[in-house]
K.L.:
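One structure is given below, represented as structure tokens, and several questions about it will come after.
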Amino acid sequence: MGQQPITFLRQVVALCTYPDLLDSPRFPPDAKDRARRILQSCGGQSLGSYSASQGVSCIREDVARYIERRDGGIPADPDNIYLTTGASDGIASILKILVSGEGTARTGVMIPIPQYPLYSAAISELNAVQVNYYLDEEHCWALDVSELRKALYRAKEYSNPKVLCIINPGNPTGQVQSRRCIEEVIHFAWEEGLFLLADEVYQDNVYSEDCQFHSFKKVLHEMGPEYSGTVELASFHSTSKGYMGECGYRGGYMEVLNLHPDIQAQLVKMLSVRLCPPVSGQAAMDVVVNPPKPDEESHQQFIQEKEAVLSSLAHKARLTEELFNQVPGIQCNPLQGAMYAFPRIFIPPRAVEKAEELHTAPDMFYCMRLLEETGICVVPGSGFGQRDGTYHFRMTILPPVEKLRRLLQSVKDFHVRFLDEFS
């Protein structure tokens, strides 16, 4: 993978894991200060102890302060912060407390198509009802509230839609929602009494100069008390994405707003059954939300590493879009954010027929042929959902630039051969 680790994060987690290193001159004072503060809040001053089910208290405080800085001073309460085993665990936990009913009263969960398969899997596991709403590929995968409304009213015939999931920036589609779009979504949720889930794990990954990340929490607050005091919102972040890429630590958090106190008590009880998220992951999350300050020793190196990762990803996003769009039969929307391309591919009718003979989806047939002939592994669009008659695949933009360039050339050459074979 082309993404380089953030030295300060690794240093703090190392110090927390093996406190004897606090005496070593090889570690900067600010990393030692972070580690000491975290350890002092841990039982037995050790990452090996269980933490409170909601997470280490000082880390939740740091998350709250981070949210306040990100959102321009809008208050955040540590009691509304829950540290999680990656964002996935938080999303699954919230869905679990919201799903109920039987038959046509069973909870419906609205998810974008294309979607990150965590959602469809969690919905299936909970025996909830998946309610699809389609993103607009012709307009850079935009979210249209009229599409939400149509999907909701159709779903009311066979379920009780109560939850609306938004992925911003999008996975696998890479779009970044505009502020106006977020306002419209919040108004829609308020109007229909929907619980909002805002998956914001790619909030640091915005590459298009025309786009800016707006948190649902900030927009909700700025829409006034009629909305900010009533709309239920859970928003999620993680150590796995952004400029960190530390997915193995399984660090994450969720902020939950306007949850009824009785339901909040049930959430805490449910989380306590799992004991606590990995404490090393909590420590990693602390570094993400509490990075070196301008007057601290590690600040310059941290900023250089962070900007190097993000500028490299932005370059690779532009390169991927540009090269894909040079290939006849491949169309790629701008990669405004996140870490993936989700190009639309033309699959000739004869190839579709061949796939049907093999009892496989046409884009799966395409992706398997790509893998067999080039060694390149991409994920077929059918795994994420797509409009009937369209085909896509998802590909990461993480490899180093020169490797990515060679990879894209190999995909181009394969696609031309594929079209020739089946035309």
K.L.:
Looking at residues at least two apart in the chain, or sitting in another chain, which of them share a side-chain hydrogen bond (donor to acceptor under 3.5 Å, both in side chains) with E232?
P.N.:
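None.
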K.L.:
Quick one: list whatever passes side chain to side chain contact (heavy atoms under 4.5 Å, CB included) with E209, sequence neighbours left out.
P.N.:
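For E209, no residue satisfies side chain to side chain contact (heavy atoms under 4.5 Å, CB included) once neighbours in sequence are set aside.
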K.L.:
Compute whether any side-chain donor of one residue and acceptor of the other, for Q203 and S215, lie under 3.5 angstrom apart.
P.N.:
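There is no such pair (donor and acceptor under 3.5 Å, judged by atom type) between the side chains of Q203 and S215.
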K.L.:
Per the side-chain hydrogen bond (donor to acceptor under 3.5 Å, both in side chains) rule, what does the pair list look like for residues 412-421, sequence neighbours excluded?
P.N.:
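Found Y366-H415, R369-E421, E373-R417, Q409-D413.
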K.L.:
With sequence neighbours left out, which residue pairs that include part of residues 254-269 fulfil the side-chain hydrogen bond (donor to acceptor under 3.5 Å, both in side chains) condition?
P.N.:
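Every side-chain hydrogen bond (donor to acceptor under 3.5 Å, both in side chains) pair that includes a residue of residues 254-269, provided the two are not neighbours, is Y82-Q264, K217-E255.
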K.L.:
Donor-acceptor pairs under 3.5 Å, side chain of residues 329-336 to any protein atom, not counting sequence neighbours: which ones?
P.N.:
| from | atom 1 | to | atom 2 | distance (Å) |
| --- | --- | --- | --- | --- |
| N333 | ND2 | E137 | O | 2.9 |
| Q336 | OE1 | V176 | N | 2.8 |

K.L.:
Let's go through R179 and E183 carefully: what are the C-alpha distance in whole Å and the side-chain angles of both, what is the deciding distance for salt bridge (Lys or Arg N to Asp or Glu O under 4.0 Å) to 0.1 Å, and is it a yes or a no?
P.N.:
CA-CA 6 Å; R179 182 190 173 88; E183 288 177 351; 3.1 Å; yes
K.L.:
In chain order, what residues pass the salt bridge (charged side-chain N to carboxylate O under 4.0 Å, His left out) check against R406, with sequence neighbours excluded?
P.N.:
none
K.L.:
Without placing hydrogens or testing angles, list every side-chain donor-acceptor pair under 3.5 Å for residues 393-402, not counting sequence neighbours.
P.N.:
| from | atom 1 | to | atom 2 | distance (Å) |
| --- | --- | --- | --- | --- |
| R394 | NH1 | N171 | OD1 | 2.9 |
| T396 | OG1 | L398 | N | 3.1 |

K.L.:
Does either side chain, that of Y202 or that of Y340, offer a donor lying less than 3.5 Å from an acceptor on the other one?
P.N.:
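Yes, Y340 and Y202 have a side-chain donor paired with an acceptor closer than 3.5 Å.
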K.L.:
May I have the list of side-chain donor-acceptor pairs in residues 376-387 shorter than 3.5 Å, sequence neighbours left out?
P.N.:
| from | atom 1 | to | atom 2 | distance (Å) |
| --- | --- | --- | --- | --- |
| S382 | OG | D363 | OD1 | 2.9 |
| S382 | OG | D363 | OD2 | 3.4 |
| Q386 | OE1 | H392 | N | 3.1 |
| Q386 | OE1 | H392 | ND1 | 2.8 |
| Q386 | NE2 | D363 | OD2 | 2.7 |
| Q386 | NE2 | T390 | O | 3.4 |

K.L.:
Would one find more than 12 heavy atoms of other residues, nucleotides or ligands at under 6.0 Å from atom NZ of K156?
P.N.:
yes
K.L.:
With sequence neighbours excluded, tell me which residues meet ring pair (Phe, Tyr, Trp, His ring centres under 6.0 Å) with F422.
P.N.:
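For F422, the residues satisfying ring pair (Phe, Tyr, Trp, His ring centres under 6.0 Å) (neighbours in sequence not counted) are F365, F418.
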K.L.:
Between the side chain of E147 and the main-chain N/O of L135, is any donor-acceptor distance below 3.5 Å?
P.N.:
no
K.L.:
With the threshold set at 4.0 Å, does a side-chain nitrogen-carboxylate oxygen contact exist between E191 and R149?
P.N.:
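Judged by the 4.0 Å cut-off on N to carboxylate O distance, E191 and R149 do form a salt bridge.
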K.L.:
Kindly state each residue pair satisfying salt bridge (Lys or Arg N to Asp or Glu O under 4.0 Å) with at least one member in residues 88-116, sequence neighbours excluded.
P.N.:
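Pairs touching residues 88-116 that pass the test: D89-R274.
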K.L.:
Just to verify, what does Y153 make a side-chain hydrogen bond (donor to acceptor under 3.5 Å, both in side chains) with, not counting sequence neighbours?
P.N.:
E192
K.L.:
Return the set of residues passing side chain to side chain contact (heavy atoms under 4.5 Å, CB included) with S88 (not counting sequence neighbours), or none when no residue passes.
P.N.:
L118, R250
